[in-house]
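Below, all heavy atoms of this structure are taken into account, side chains as well, without hydrogens, waters or symmetry copies.
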Amino acid sequence: FGIGDGNTNDAPYLDSIRRAIVTVATSHYDGIGIRFFTSRSRAAARGLMVEIRDVVAALDGSGAGVIPGGASLQETGDKFLVKSNIFGWTEETFIAQTNGDKFEIQVGPDGLLNRNADQTSDDSIVLNEVFGPLGVARDSMHEPFFTPAQTPKPVRPRTVTNGKVDGQVTTIDVNNTTATVGDAGVITVTSTNPTLVPTQRATEITRALNALATSTGIFVAHELGHGLGLIAKTDAAEASIEVTGEGTFLSPLAGTDESHSASALGQLMDRGQDIRWRRIFTPGTRLPLGGSNQRYLTDCFPAAP
């Protein structure tokens, strides 16, 4: 995304990006009785682990390639897409995570770039508007699972022409700016040396950091929603849950058989292809849970049980 050279885990403004992602993701669950930790592990905790990486492959083995994120629950090593929610698993195996049990979320922001496959789409246009000034090529994509594979194009190096700075963010930018993260998870980059980092350059960096952090935070919130039971599949073979002594049930939150809203609603649990990049690149954006999803989470995870 032009924020550093992509070859190091210590990218420019990384701490601000992390803080903003966590703020955006957690704020989608305000008023819901779930807690967020940034430590790697919690002993005897019932929860889901989130990993942010470069790319995520479709979890169903369909060959669908890179997607922005995925939720996976495994019990005794049998992997499948989210079946119901974390209450559908025995507490003993959940806490111990034995026999290959896994409860995790993976988010891969590189999936954003693949909307460049359609250069006429507004998603591709806004990708270029936001990340082009940081040196990202107009047609850059990351699709390693297709033939031929697509890897991100090299980012243009930082250059200065007639006082205008273009290209990759480097230590010159970092060392001559300050970055703050507000309560809403909005990043602000301010130049401390306009000769080396003009105001326009600081504005472009601010816009790119917010686009990356806000969209990634929304993807995290979306995938966590799946792990918490949003939205159930309609196929009984995949989505039914047995309650001892009571019978077998389907969730009342039936959507599509991809576990998303049955139609585009402008909500957090819509299908990825129904979510527009321009909207989720906007600083401060939150996607609503929707009435039935909000009620479900409030009932299952009361803020004050």
When you compare the side chain of [Y] with that of [X], does any pair of heavy atoms fall below 4.5 Å?
| X | Y | answer |
| --- | --- | --- |
| Ile3 | Leu212 | yes |
| Thr180 | Ile187 | no |
| Val126 | Glu129 | yes |
| Asp5 | Val155 | no |
| Arg286 | Ser27 | yes |
| Val169 | Arg201 | yes |
| Pro152 | Phe1 | no |
| Ile280 | Phe219 | yes |

(request) Starting from the C-alpha separation in whole Å, work towards a yes-or-no answer on side-chain contact (heavy atoms from CB on, under 4.5 Å) for Val136 and Leu127. (result) CA-CA 9 Å; Val136 177; Leu127 278 166; over 6 Å; no

Given 3.5 Å as the limit, does a donor-acceptor pair link the side chain of [X] with the main chain of [Y], or not?
| X | Y | value |
| --- | --- | --- |
| Ser191 | Val197 | yes |
| Tyr29 | Phe36 | no |
| Asn114 | His142 | yes |
| Thr203 | Thr199 | yes |
| Thr206 | Val189 | yes |
| His28 | Leu287 | yes |
| Asp274 | Asp270 | no |
| Asn176 | Asn193 | no |
| Thr285 | Thr282 | yes |
| Asp123 | Trp277 | yes |

What's the shortest heavy-atom distance between [X] and [Y], and which atoms?
| X | Y | answer |
| --- | --- | --- |
| Val55 | Pro144 | CG2-CG, 4.3 Å |
| His222 | Leu268 | ND1-O, 2.6 Å |
| Thr216 | Pro109 | OG1-CG, 3.6 Å |
| Ala25 | Val220 | CB-CG1, 3.8 Å |
| Gly185 | Ala20 | O-CB, 3.3 Å |
| Ala211 | Val130 | CB-CG1, 3.7 Å |

(message) Check for me, please, whether Tyr13 and Ile172 land in the same ILVMFWY cluster - side-chain distances under 4.5 Å, paths through other members count.
(response) no

(message) For Asp173 and Arg158: C-alpha separation, side-chain torsions, deciding distance, then whether side-chain contact (heavy atoms from CB on, under 4.5 Å) applies.
(response) CA-CA 10 Å; Asp173 298 297; Arg158 190 184 195 274; 3.0 Å; yes

(request) Give a yes or no on whether Asp183 atom CG has more than 12 heavy-atom contacts from other residues, nucleotides or ligands under 6.0 Å away. (result) no

Could you measure the distance from the [atom1] atom of [X] to the [atom2] atom of [Y]? Nearest 0.5 Å is fine.
| X | Y | atom1 | atom2 | result |
| --- | --- | --- | --- | --- |
| Arg138 | Ser124 | CZ | OG | 3.5 Å |
| Leu228 | Met269 | CG | CE | 9.0 Å |
| His226 | His260 | NE2 | NE2 | 3.0 Å |
| Phe281 | Leu112 | CZ | CG | 5.0 Å |
| Arg279 | Ile275 | CZ | CD1 | 8.5 Å |
| Ser121 | Arg278 | OG | CZ | 10.0 Å |

(request) Kindly assign one of parallel, tilted or perpendicular to the pair Phe301 and Tyr296, based on the angle between their ring planes and the thresholds 30° and 60°. (result) perpendicular

(request) Check the pair Asp166 / Arg156 against salt bridge (charged side-chain N to carboxylate O under 4.0 Å, His left out), numbers first and verdict last. (result) CA-CA 8 Å; Asp166 180 76; Arg156 296 189 309 276; 3.1 Å; yes

(request) Tell me, with the steps shown, if Val165 and Thr159 meet side-chain contact (heavy atoms from CB on, under 4.5 Å). (result) CA-CA 6 Å; Val165 181; Thr159 59; over 6 Å; no

(message) Using a strict threshold of under 4.0 Å (side-chain N to carboxylate O), is an ion pair present between Lys153 and Asp139?
(response) yes

(request) Any chance you could lay out the side-chain contact (heavy atoms from CB on, under 4.5 Å) test for Val107 and Glu223, step after step, and finish with the verdict? (result) CA-CA 8 Å; Val107 171; Glu223 299 303 336; 4.3 Å; yes

